[in-house]
Participant: 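Structure provided below as structure tokens; questions to follow.
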Amino acid sequence: MTNDDWSKLVDTSDEWITTRTGIKERHFAAPGQAASDLVKIAAEKALEDAGIDKDEIDVIIVGTVNADNNYPSTGNWVQKKMGMKPVPSFDISAACSSFLYGLILGDSLIKSGAAKTVLVSSAEIMSQIIDWEDRNTCVLFGDGAGSAVLRESDGEEGILSSCWGADGNLGDLLVQPAGGSAMPPTEETLARKLHTVHMKGNEVFKHAVLRMQEASMKAMELANLSSEDIDLFIPHQANLRIIDATIRRAKIPLEKTYITVDKIANMSGATIPVSLDMARREGRIKEGTTVLTSAFGAGFTWGGLVIQF
Ligand code: UT7
């Protein structure tokens with residue numbers, strides 16, 4: 001769906017969306033597709049790419065803000081739809097940071113010996129939870145899913161460092177107010193569209209820059225690396241201006257920064273795995289490439305990792 005498509009539905013323009021966000025187009029799931037359906041597509045491709053059989057997976061982690069149901073978890077539906085073994089399956093709710101949270105958790109499970117092979121995915125169907133009449137938010141998001149298969153490495157490669165954090169005091173700045181136990185769904189909440197994304201964009205913007213910069217710098221510091229040692233930076237892609245401000249503050253060159261926001265918009269937690277896959281397919285990530293990634297999202301939550309491929 002292009003910016004021009006949106007301009008036929010709300011009072012916006014390609015010019016406003018492009019200059020304020022860098023977004024040109026986004027993709028939406030088909031009617032009837034649930035988060036688990038998107039994970040299934042991504043996970044099957046990831047398993048095939050890794051040459052690993054689904055029966056080797058011993059933990060399933062899914063990050064999402066729009067789970068199939070409040071319960072069972074989307075991870076459980078993925079297990080069923082993919083015909084997987086009865087291994088532990090669960091969801092992570094960390095919004096745009098959920099894939100990085102999943103990687104950090106999966107890495108810890110492997111390092112502790114609790115798991116050998118972990119499937120980490122994020123799937124978001126933002127098109128179902130945006131207010132299609134609110135130009136402040138509707139144009140910003142896209143749908144998608146990405147998956148990674150994590151396994152112990154015997155060489156130098158792998159997750160070299162990670163950091164994560166959250167600040168619940170700022171949760172109200174980006175929230176889906178209704179639909180949970182704090183505000184169960186009623187006719188009134190539906191009429192007031194309280195089940196959709198509510199965001200104070202300006203405020204979120206400032207925190208996003210600060211936390212993405214901090215997480216990026218911390219991850220590099222923990223890996224004993226500087227931005228000169230990083231081959232590719234894959235930031236969460238909410239807004240090109242957030243990415244610009246982050247790389248200026250963290251002193252990461254633009255040439256090393258991988259931009260996908262123009263093509264996929266903000267896919268919340270799915271942004272980073274989809275961008276990682278796009279970078280691999282374009283040859284920007286090869287064996288030996290050192291990738292820095294960082295994210296910021298509702299919660300607030302944030303995280304950063306350095307990954308040696
Ligand atoms: O995924 C992690 C969480 N999300 C984010 O990190 C997003 C963070 N925030 C942002 O990216 C930006 O704040 C936005 C893109 C949401 C908004 O950009 P902004 O430069 O902060 O604009 P603004 O909110 O200050 O709004 C400026 C004007 C307003 O009009 P008035 O009040 O000045 O007359 C808005 O009504 O732009 C108007 N506006 C629009 N105009 C045309 C807001 N959305 C649109 C639109 N088309 N789609």
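We count ligands from 1, going down the list as the structure has it; atoms in each ligand are counted the same way. For clarity, every value in this text was computed on a predicted model and none was experimentally measured.
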Participant: Return yes if a side-chain donor-acceptor contact under 3.5 Å exists between T64 and E124, otherwise no.
Facilitator: yes
Participant: For atom 4 (N) of ligand 1, state which one of M199, R135, R211 supplies the nearest heavy atom.
Facilitator: M199
Participant: Identify the protein heavy atom lying closest to atom 43 (C) of ligand 1, giving its residue, its atom name and the separation to 0.1 Å.
Facilitator: N136 OD1, 3.0 Å
Participant: For ligand 1, which atoms have a heavy atom of V139 less than 4.0 angstrom away?
Facilitator: 48 (N)
Participant: Is it true that the side chains of T260 and S275 contain a donor and an acceptor less than 3.5 Å apart?
Facilitator: yes
Participant: Quick check on contacts: which atoms of ligand 1 are under 4.0 angstrom from a heavy atom of T21?
Facilitator: 15 (C)
Participant: Just distances here: any N/O of T12 and N/O of ligand 1 closer than 3.5 Å?
Facilitator: yes
Participant: Look at atom 45 (C) of ligand 1 and find which of F141, W16, W6 reaches it with the closest heavy atom.
Facilitator: W16
Participant: Check the pair K45, D49 against salt bridge (charged side-chain N to carboxylate O under 4.0 Å, His left out), reporting the backbone distance first and the verdict last.
Facilitator: CA-CA 6 Å; K45 285 186 183 174; D49 185 51; over 6 Å; no
Participant: Could you state whether V120 and M82 fall into the same hydrophobic cluster, counting links through intermediate Ile, Leu, Val, Met, Phe, Trp or Tyr residues with side-chain heavy atoms under 4.5 angstrom apart?
Facilitator: no
Participant: Counting only heavy atoms on the protein side, is anything nearer than 4.0 Å to atom 27 (C) of ligand 1?
Facilitator: yes
Participant: Find all atoms of ligand 1 within a distance of less than 4.0 Å from any non-hydrogen atom belonging to R20, and give their numbers and elements.
Facilitator: 19 (P), 20 (O), 22 (O), 27 (C)
Participant: Please check this pair: side chain of D68 against backbone of S36, looking for a donor-acceptor N/O pair closer than 3.5 Å.
Facilitator: yes
Participant: Quick check on contacts: which atoms of ligand 1 are under 4.0 angstrom from a heavy atom of C96?
Facilitator: 1 (O), 2 (C)
Participant: If you count the atoms of ligand 1 from 1 in the order shown, which ones are under 4.0 Å from a heavy atom of I242?
Facilitator: 6 (O), 8 (C)
Participant: Given 3.5 Å as the limit, does a donor-acceptor pair link the side chain of N266 with the main chain of L140, or not?
Facilitator: no
Participant: Using a strict threshold of under 4.0 Å (side-chain N to carboxylate O), is an ion pair present between D11 and R135?
Facilitator: yes
Participant: For ligand 1, which part of L174 has a heavy atom less than 4.0 Å away: the side chain, the backbone, both, or neither?
Facilitator: side chain
Participant: Just by modelled atom types, is the F205 backbone N or O under 3.5 Å from a matching donor or acceptor in the H207 side chain?
Facilitator: no
Participant: Which ligand 1 atoms does H236 reach within 4.0 Å, using its non-hydrogen atoms?
Facilitator: 1 (O), 2 (C)
Participant: Between ligand 1 and L140, can you find any atom pair, the residue atom being a heavy atom, that is separated by under 4.0 Å?
Facilitator: yes
Participant: Using a strict 4.0 Å cut-off to heavy atoms of R241, name the atoms of ligand 1 that fall inside it.
Facilitator: 18 (O), 19 (P), 20 (O)
Participant: Under 4.0 Å from atom 13 (O) of ligand 1, is there at least one protein heavy atom?
Facilitator: yes
Participant: Please determine if N239 has a nitrogen or oxygen closer than 3.5 Å to a nitrogen or oxygen of ligand 1.
Facilitator: yes
Participant: Can you check whether G63's main-chain N or O pairs, donor with acceptor, with S122's side chain at less than 3.5 Å?
Facilitator: yes
Participant: Could you verify whether a donor N or O on one side chain and an acceptor N or O on the other, from T289 and D231, lie under 3.5 Å apart?
Facilitator: no
Participant: Just to confirm my output: which protein heavy-atom neighbour is closest to atom 1 (O) of ligand 1, and how far is it?
Facilitator: N266 ND2, 2.7 Å
Participant: Protein heavy-atom contact under 4.0 Å for atom 36 (O) of ligand 1?
Facilitator: yes
Participant: Do Q79 and S89 have side-chain atoms, one donor and one acceptor, less than 3.5 Å apart?
Facilitator: yes
Participant: Which protein non-hydrogen atom lies closest to atom 21 (O) of ligand 1, naming both residue and atom, and how far is it?
Facilitator: N202 OD1, 2.6 Å
Participant: Less than 4.0 angstrom from a charged side-chain N to a carboxylate O is my criterion; do R281 and D277 meet it?
Facilitator: yes
Participant: Among all protein heavy atoms, pick out the one at the shortest distance from atom 8 (C) of ligand 1; state its residue, atom name and that distance to 0.1 Å.
Facilitator: G201 O, 3.6 Å
Participant: Is the shortest side-chain N to carboxylate O distance from K24 to D14 below 4.0 Å?
Facilitator: yes
Participant: Checking side-chain contact (heavy atoms from CB on, under 4.5 Å) between S73 and each of D91, I61, V62, which is the one that passes?
Facilitator: D91
Participant: Between V10, I23, V204, which one has a non-hydrogen atom sitting closest to atom 5 (C) of ligand 1?
Facilitator: V204
Participant: When you measure from atom 31 (P) of ligand 1 to the protein, is at least one non-hydrogen atom found at a distance under 4.0 Å?
Facilitator: no
Participant: Going by the atom numbers of ligand 1, which of them fall below 4.0 Å from some non-hydrogen atom of F296?
Facilitator: 2 (C)
